[in-house]
Peer 1: 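This is the structure I have questions about; it appears just below.
Treat the numbers as computed from the prediction; the structure is a model and nothing was measured. A, B, ... follow the sequence lines: proteins, then strands. Residue 1 opens every chain.
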2 protein chains.
Amino acid sequence: MQSRQYDYRYSCSVEATLDVIGGRWKGVILFHLMEGTKRFNELQRLVQGCTQRMLTLQLRELEKDGVVKRTVYAEVPPKVEYSLTEFGRSLEPILLMMRDWGDRYVSQLVEQKSKVKS
Amino acid sequence: MQSRQYDYRYSCSVEATLDVIGGRWKGVILFHLMEGTKRFNELQRLVQGCTQRMLTLQLRELEKDGVVKRTVYAEVPPKVEYSLTEFGRSLEPILLMMRDWGDRYVSQLVEQKSKVKS
DNA sequence: CAGTATCCCACTTGATACTG
DNA sequence: CAGTATCAAGTGGGATACTG
């Protein structure tokens with residue numbers, strides 16, 4: 001879910017938020033960045049199933065949208081750190097609620113599944 | 001963003017939530033359903049830019065995920081009402097926070113735009 | 001009124017290989 | 001270590017027309 005153009009008119013601002021956090025891996029990335037600064041490799045280990053390429057792409061979009069900060073250290077081997085910007089940190093309460101709701105949703109799925117089985 | 005299979009293992013439950021509300025029009029649909037029960041036509045007017053086909057598809061997925069209830073009245077002409085299930089209403093705080101955050105995000109975009117112009 | 005049915009394309013995502 | 005480059009594939013979404 002790449003963000004739409006600047007002249008795009010959101011009919012509803014919920015839409016705008018989903019533009020920022022609704023990408024395939026963005027929620028998970030942001031969630032892990034809440035813990036603190038992470039290096040590229042750390043994120044790749046944390047965000048399971050996400051390819052290197054997708055991780056790069058999604059991080060770039062999050063950076064463009066102003067919620068993630070990318071810091072490059074001029075070292076060899078290269079070191080790049082990702083963290084939430086201050087604006088990005090304002091997403092924290094939303095992410096936490098999404099985690100809690102997701103937990104309940106998954107439990108419900110498991111329940112349904114066991115009912116079908118029995 | 002159609003929900004993944006039951007045997008899918010979410011590495012993070014934020015992902016599960018986004019599976020449910022992260023579709024192209026789902027956030028907006030849910031947001032309008034928070035106000036109360038709506039008929040199909042009402043929703044189509046409210047969710048601007050969404051085609052009839054997409055509205056149907058997204059509503060069916062929301063129904064399958066247990067957050068929206070579809071009630072058909074045996075009348076001519078047909079009458080179908082959509083509302084949040086009790087479980088769906090548990091998304092309300094998230095949707096409200098997403099609306100507020102989206103507002104701030106959009107304001108920021110407008111600011112940036114005006115800076116570039118001047 | 002509240003949908004289906006087709007057709008089709010763009011964009012997102014993935015797999016794999018390569019590099020400063 | 002932290003990426004690009006390239007190619008291929010899947011699918012989400014749009015346009016349009018039709019219907020119980």
Peer 1: Whom does D:dA5 pair with, Watson-Crick or G-U wobble, provided both distances fall under 3.5 Å?
Peer 2: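 Its partner is C:dT16.
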
Peer 1: On the six-membered ring of A:Tyr73, is A:Lys79 placed so that its NZ or CZ lies under 6.0 angstrom from the centre and within 45° of the ring axis?
Peer 2: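 The answer is yes; both the distance and angle limits are met.
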
Peer 1: Nearest 0.5 Å please: distance from the NZ atom of B:Lys26 over to the CG atom of B:Asp19.
Peer 2: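 The distance works out to 7.5 Å.
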
Peer 1: Round to a whole Å and report the spacing from CG of B:Leu55 to C1' of D:dA15.
Peer 2: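 So the CG-C1' distance, B:Leu55 to D:dA15, works out to 16 Å.
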
Peer 1: Considering only D:dG3, C:dG14, D:dG20, which nucleotide approaches the side chain of B:Pro78 most closely?
Peer 2: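 Within the option list, the nearest is D:dG20.
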
Peer 1: Let me know the distance between CZ of A:Arg24 and P of D:dT11, rounded to the nearest Å.
Peer 2: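 In whole Å, D:dT11 P lies 12 Å from A:Arg24 CZ.
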
Peer 1: Tell me: NZ of B:Lys38 to P of C:dC1, nearest whole Å?
Peer 2: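 After rounding, the reported distance stands at 17 Å.
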
Peer 1: Between D:dC1, C:dT13, D:dT4, which nucleotide gets closest to the side-chain atoms of A:Leu57?
Peer 2: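 That would be C:dT13.
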
Peer 1: Distance from B:Ile29 atom CD1 to A:Glu15 atom CD, nearest 0.5 Å?
Peer 2: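 Spacing of CD1 (B:Ile29) from CD (A:Glu15) equals 10.5 Å.
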
Peer 1: With a cut-off of less than 4.0 Å, is there a side-chain N or O of A:Arg45 near OP1 or OP2 of D:dC1?
Peer 2: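 Checking A:Arg45 against D:dC1: no side-chain N or O falls below 4.0 Å of OP1 or OP2.
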
Peer 1: Given D:dA15, D:dG3, D:dA2, which nucleotide is nearest the side-chain atoms of A:Arg70?
Peer 2: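 Of the candidates, D:dG3 comes closest.
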
Peer 1: Should B:Arg70 and B:Glu81 count as an ion pair when the cut-off is N to O under 4.0 Å?
Peer 2: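 No, B:Arg70 and B:Glu81 are not salt-bridged.
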
Peer 1: May I have the distance from B:Met54 (atom CE) to C:dA2 (atom C1'), rounded to whole angstrom?
Peer 2: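 For the pair B:Met54 CE and C:dA2 C1', the rounded distance is 17 Å.
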
Peer 1: Can you tell me the distance, in whole Å, between the CZ atom of A:Phe40 and the C1' atom of D:dA2?
Peer 2: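 Going from CZ in A:Phe40 over to C1' in D:dA2 covers 6 Å.
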
Peer 1: Starting at CD1 of B:Ile29 and ending at P of D:dG13, how long is that distance when rounded to a whole Å?
Peer 2: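 Checked: the CD1 to P distance equals 11 Å.
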
Peer 1: Could you state the atom-to-atom distance from CD of B:Gln44 to P of C:dT4 in whole Å?
Peer 2: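 Result: 13 Å.
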
Peer 1: State which of D:dA17, D:dG13, C:dT13 makes the closest approach to the side chain of B:Gln52.
Peer 2: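 Of D:dA17, D:dG13, C:dT13, D:dA17 is nearest to the side chain of B:Gln52.
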
Peer 1: May I ask you to evaluate whether B:Arg60 reaches the phosphate of C:dT4, defined as a side-chain N or O under 4.0 Å from OP1 or OP2?
Peer 2: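 Checking B:Arg60 against C:dT4: at least one side-chain N or O falls below 4.0 Å of OP1 or OP2.
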
Peer 1: Can you tell me the distance, in whole Å, between the CG atom of B:Leu59 and the C1' atom of D:dG13?
Peer 2: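 Value for this atom pair: 15 Å.
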
Peer 1: May I ask you to check whether B:Phe31 and B:Trp25 place their ring centres under 6.0 Å from each other?
Peer 2: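 Ring centres of B:Phe31 and B:Trp25 not closer than 6.0 Å.
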
Peer 1: Picking from C:dG3, D:dC1, D:dG13, which would you name as closest to the side chain of B:Gln58?
Peer 2: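 Comparing C:dG3, D:dC1, D:dG13 against the side chain of B:Gln58, the answer is D:dG13.
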
Peer 1: Using a heavy-atom cut-off of 4.0 Å across all strands, would you classify B:Tyr82 as base, sugar-phosphate, or nothing?
Peer 2: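 Sugar-phosphate contact only.
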
Peer 1: Check this for me: does the side-chain of A:Arg53 come within 3.5 Å of the base of D:dG3 through a donor and an acceptor?
Peer 2: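 Not at all, since no donor on one side and acceptor on the other fall under 3.5 Å apart.
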
